[in-house]
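A note on names: the letters A, B, ... follow the listed sequences, proteins ahead of strands, and every chain is numbered from 1. Reckoned from all heavy atoms, side chains included, excluding hydrogens, waters and symmetry mates.
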Amino acid sequence: MNYNYKEIEKKWQDRWYKEKSFKAIDFHPTKPKYYVLYEFYNISGNLHMGHMKGTIPADALARFKRFKGYNVLFPIGGDAFGLPAENAAIKTGIDPHEFVSNGLNNVLEQSRQLGLSFDWDRTICTSDPEYYKWTQWIFLQLFKHGKAYKEKSKVNFCPHCQTVLSNEDSQGGKCDRCGNDVVQEVRWSWFLKMREYAEKLLGNIDRINMAENLKEAQRNWIGRSEGTQIKFAIYNDKEEKVGDLEIFTTCVETVYGITYVALAPENSLVDKLKPYIKNWKDVEDYRKKTALRTELDRLSDQKDKTGARLEGLYVVNPVNNKKVPMFIADFVLNGYATGAVMAVPSHDQRDYEFAEKFNIPKIQIIEGDTSKCAVEKKEYLSKNSKMINSAEFSGMPVKEAKKKIAQKLIDMGVAEIKVNYKMTDWAFNRQRYWGEPFPIVLCSHCGEVALDEKDLPLVLPKVKDYMPNEKGDSPLSKAKDWVECKCPKCGRPAKRETDTMPNWAGSSWYWLRYADPHNDKAIADYEKLKYWGSVDCYTGGTEHITRHVLYAFFWQNFLYEIGAVPTRDPFVRKMGSGLILDSEGKKMSKSSANGVSPLEVIDKYGTDVARMHVHFLGGYEDNTPWTYDGINGITSFIDRVWSLQDMVKGEGVSKEHIYELSVLNKKLCDDYENLKLNTAISALMTFVKKIKEDGFITKEELRQFLIFLNPLAPHITSEMYERVFNAQILDQSWPDYDEKNLIKSSVEIAVQVNSKIIAKANIDTSLNKEEILSQVKEEDKVKELLNGKTIVKEIYVPNRLVNLIVK
RNA sequence: GCUGGUGUGGCGGAAUGGCAGACGCACGGGACUUAAAAUCCCGAGGUGGCAACACCGUGUGGGUUCGACUCCCACCACCAGCACCA
């Protein structure tokens with residue numbers, strides 16, 4: 001009888017859905033909880049191979065844990081705000097609400113076809129008012145606790161999308177969404193005080209179980225650096241002190257080599273010093289020129305340094321009272337530290353290049369050859385070179401001088417130890433329609449006023465025109481009836497904030513909502529949050545992982561601190577799935593010509609085969625090229641499994657198979673836990689091979705085998721279980737195995753003399769070392785080699801090998 | 001440039017410091033068949049040899065060890081992230 005996958009897979013998918021087979025139970029009286037999360041779907045169209053790669057291991061883990069007696073929460077939802085819906089609206093006029101509702105139904109239906117064991121009753125969608133009510137609520141809490149503020153400042157702005165972008169959204173000076181150049185614009189913008197959380201986020205990173213490269217990317221993003229902040233007095237040309245310049249440095253050892261200081265062109269100190277600057281016209285010209293350059297421009301010509309001298313001003317180096325000229329230069333970033341640098345051309349290549357261009361002298365203060373380029377930190381620290389030209393520190397090893405010079409400056413009262421971060425506050429508003437409206441009213445009398453919590457959700461009004469206006473204001477500004485309102489504080493006429501929140505907002509807390517998705521009193525019931533706790537295993541792609549996880553950490557920390565959630569760590573473990581690559585080794589996407597849809601594979605081969613094939617190609621976190629090659633091997637494996645029904649002989653576990661069955665059990669426990677589906681599949685194949693060789697399988701062996709295979713191939717195993725045992729496989733629990741059955745009664749070991757294999761020996765595993773050694777020494781080949789020699793060492797590795805070292 | 005990761009047959013890929021190449025694909029041979037497909041069995045890292053067997057083999061070069069794909073040092077290549085961060 002052939003296996004009809006089309007009919008049988010449909011039968012089980014429908015039954016699981018109808019019977020709510022994978023419902024997670026709040027406060028289960030006996031079972032411990034286990035929370036498996038797959039990154040919710042970005043609603044844009046159909047599921048693709050990446051989803052197949054990401055969801056199946058999570059599903060297998062969820063199914064495995066249920067057999068192991070856990071109360072498993074495995075939910076899914078839609079990340080619906082953002083560009084796909086908004087672009088479709090602009091392009092085709094389709095209402096984003098409709099786009100999202102169709103799209104979500106579509107991907108949920110496709111998820112069923114993948115056999116995913118989600119709890120469908122917990123499905124959420126970020127663009128539903130019942131959901132974004134709570135996104136708005138979280139924003140209100142941030143606002144009330146002083147963690148959200150509106151400020152006029154220079155932000156990344158994409159002229160094409162007409163919207164503000166966070167630093168994270170505009171890496172490399174390109175808009176993350178449309179790829180066009182991003183410019184710097186001064187605008188009123190909302191910020192969240194994420195920088196304040198830098199140390200806490202670093203703590204989250206240390207605690208989470210996640211691949212090292214992903215952790216490093218996050219630490220790098222936060223960009224913590226420790227150093228010394230030094231205060232330099234500023235003087236005008238009449239030798240009058242006119243201010244102070246604070247400069248952060250990680251190379252305090254080089255202070256004796258300072259020959260100029262440079263400020264970011266935008267640094268507000270420059271405006272304050274305007275009266276003393278003799279060449280204001282030049283300075284102003286330079287500032288205008290740099291303001292026009294895009295971020296990308298500024299970054300692209302790192303070799304060509306530009307700047308302007310602030311004539312009439314200088315600072316005094318506190319260690320030697322030397323006068324040091326001041327410049328502005330666009331290589332100095334206004335957003336980092338104090339927006340100013342102390343330049344030591346002899347020991348920093350960037351300072352060296354600027355000095356060459358502007359004919360500034362160089363003072364070498366650490367040994368080395370500085371004739372052609374700077375001797376930088378990496379080099380002089382690794383050699384622990386000696387100081388020169390540095391007053392009382394000359395001759396001292398640089399590592400020692402570093403500490404002493406810092407101390408001297410601190411003792412002088414002009415410096416302090418300081419920590420800086422690259423990460424900035426989170427620019428949190430966008431000029432887009434399809435996002436969460438801010439629950440904020442702008443009142444000319446009271447300023448920014450929060451809506452009352454009872455007035456949430458503030459529902460996004462329906463509009464016809466999805467484009468920003470010519471001033472770059474959000475599309476919502478055109479919805480006059482909605483914008484005009486009364487100030488909740490003073491009752492005067494006021495206007496709503498018309499910007500919306502970024503796409504990241506809804507995804508920065510969604511795992512919490514699954515604990516209690518229909519609650520209209522709180523983001524989720526506190527006791528339920530306590531019960532479900534942190535996500536035990538969180539899977540998903542790696543594309544936006546750095547940002548997403550950092551935002552998640554940030555909000556969870558904040559919610560924890562205001563008492564809304566019981567834990568500081570959202571996730572115990574995060575796995576980033578590798579990519580499915582096309583035949584050219586590029587990421588497979590819908591747009592790539594040879595993108596293969598999972599539904600196509602399912603249609604041709606069946607869901608169970610598709611699930612196994614994708615994961616037999618490689619490990620979860622590895623990129624794997626897609627190919628149909630090899631899928632026949634999986635199909636024939638599934639056919640062989642089906643044919644096991646006709647080979648049943650006997651009841652309990654046979655002595656012929658007890659060892660193989662126990663080894664398989666143990667291997668699968670490890671592999672499912674670690675999402676190593678490729679080796680799990682090979683272990684299952686090896687077992688079937690053995691059964692085929694022996695020509696029989698007992699009833700109990702088949703029963704256990706079906707449970708073992710179920711997490712990977714849920715359909716065929718459910719069907720066979722019902723046929724052979726007249727019971728439901730989902731009601732079963734994972735079989736136990738006895739450790740003692742993991743050892744065979746006899747085993748072949750390698751026999752080595754002087755670490756070279758010279759023979760194989762069958763040994764009885766109950767024998768001890770001495771007995772085995774004497775048995776081995778009786779082998780002809782061994783005797784021959786031992787003849788006339790002395791054994792100096794005997795090594796025995798149980799069940800593996802014997803190694804005799806002779807002289 | 002910096003940081004992290006990865007380098008194993010024709011291919012995808014396995015190996016708690018202990019018999020490298022499991023499992024699978026593709027390949028070769030055989031059985032069944034009028035024939036083919038399907039299925040089943042056997043073979044297979046490389047070089048030499050009819051063979052037993054010998055030698056060489058996990059990016060390169062060193063080291064530690066009785067023993068190294070695995071640990072250490074240096075280098076090379078590829079992938080990813082960051083990149084004028086003071």
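Taking the side chain of Glu212(A) as heavy atoms from C-beta on, and the options G18(B), C85(B), G4(B), the nearest nucleotide is G4(B). Considering only the side chain of Met685(A), C23(B) comes nearest among C23(B), U16(B), G5(B). For Ser682(A), the side-chain atoms get nearest to C23(B) when compared with the rest of C23(B), U16(B), C84(B). Comparing C85(B), C19(B), G24(B) against the side chain of Phe616(A) picks out G24(B) as the nearest. Comparing atom distances between the Lys422(A) side chain and each of C85(B), A15(B), C19(B) picks out C85(B) as nearest. The side chain of Thr686(A) approaches C23(B) more closely than any other nucleotide in the set C23(B), A15(B), G12(B).
The side chain of Lys756(A) contributes an N or O atom lying less than 4.0 Å from OP1 or OP2 of C55(B). At least one side-chain nitrogen or oxygen of Asn678(A) sits closer than 4.0 Å to the OP1 or OP2 atom of A14(B). Residue Arg224(A) has no polar side-chain atom (N or O) positioned under 4.0 Å from OP1 or OP2 of C85(B). In this structure, Lys676(A) reaches the A15(B) phosphate: one of its side-chain N or O atoms is under 4.0 Å from OP1 or OP2. When the side-chain nitrogen and oxygen atoms of Thr250(A) are compared with OP1 and OP2 of C85(B), none of them lie within a distance under 4.0 Å. Listed pair Arg350(A) / A86(B) fails the phosphate criterion, with no side-chain N or O lying under 4.0 Å from OP1 or OP2.
Remark: the separation of the P atoms in G21(B) and A83(B) is 45 Å, to the nearest Å. Look at the P atom in both U60(B) and U70(B): the space between them is 11 Å, to the nearest Å. Straight-line distance between the P atoms of U16(B) and A77(B): roughly 30 Å, to the nearest whole Å. On the C1' atoms, U58(B) is 13 Å away from U6(B), given to the nearest whole Å. Comparing the P positions of A22(B) and G13(B) gives a spacing of 15 Å, expressed to the nearest Å. Between the C1' atoms of G59(B) and G7(B), the separation comes to 6 Å (whole Å). The separation of G4(B) from A86(B), taken at their C1' atoms, amounts to 24 Å, rounded to a whole angstrom.
Ring geometry for Phe687(A) versus Phe705(A): interplanar angle under 30°, hence parallel rather than tilted (30 to 60°). Between Trp626(A) and Tyr628(A), the angle of the ring planes goes over 60°, which puts this pair in the perpendicular group of the 30/60° scheme.
Side-chain contact of Thr370(A) with Gln364(A): a donor-acceptor pair under 3.5 Å is present, judged by distance alone. No side-chain donor from either of Glu416(A) and Gln229(A) sits under 3.5 Å from a side-chain acceptor of the other. No side-chain N or O of Lys574(A) forms a donor-acceptor pair with one of Thr539(A) less than 3.5 Å apart.
At a cut-off of 3.5 angstrom, counting only N and O atoms as typed in the model, there is no donor on one side facing an acceptor on the other between the side-chain of Lys689(A) and the base of C23(B). Residue side chain Lys378(A) does not reach the base of C2(B) through any donor-acceptor N/O pair under 3.5 Å, judged by distance alone. With hydrogens and angles ignored, a donor-acceptor pair under 3.5 angstrom links the side chain of Asn803(A) to the base of C66(B).
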- Going through the distances and angles, do Ile360(A) and Phe354(A) end up as a side chain to side chain contact (heavy atoms under 4.5 Å, CB included)? CA-CA 8 Å; Ile360(A) 304 166; Phe354(A) 189 87; 4.1 Å; yes
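Leu801(A) places its CG atom 15 Å from the P atom of U16(B), with the value rounded to the nearest Å. Remark: C1' of U39(B) and CG of Asp646(A) are 14 Å apart, rounded to the nearest angstrom.
Glycosidic conformation, G13(B): anti, with the torsion outside 90° of 0.
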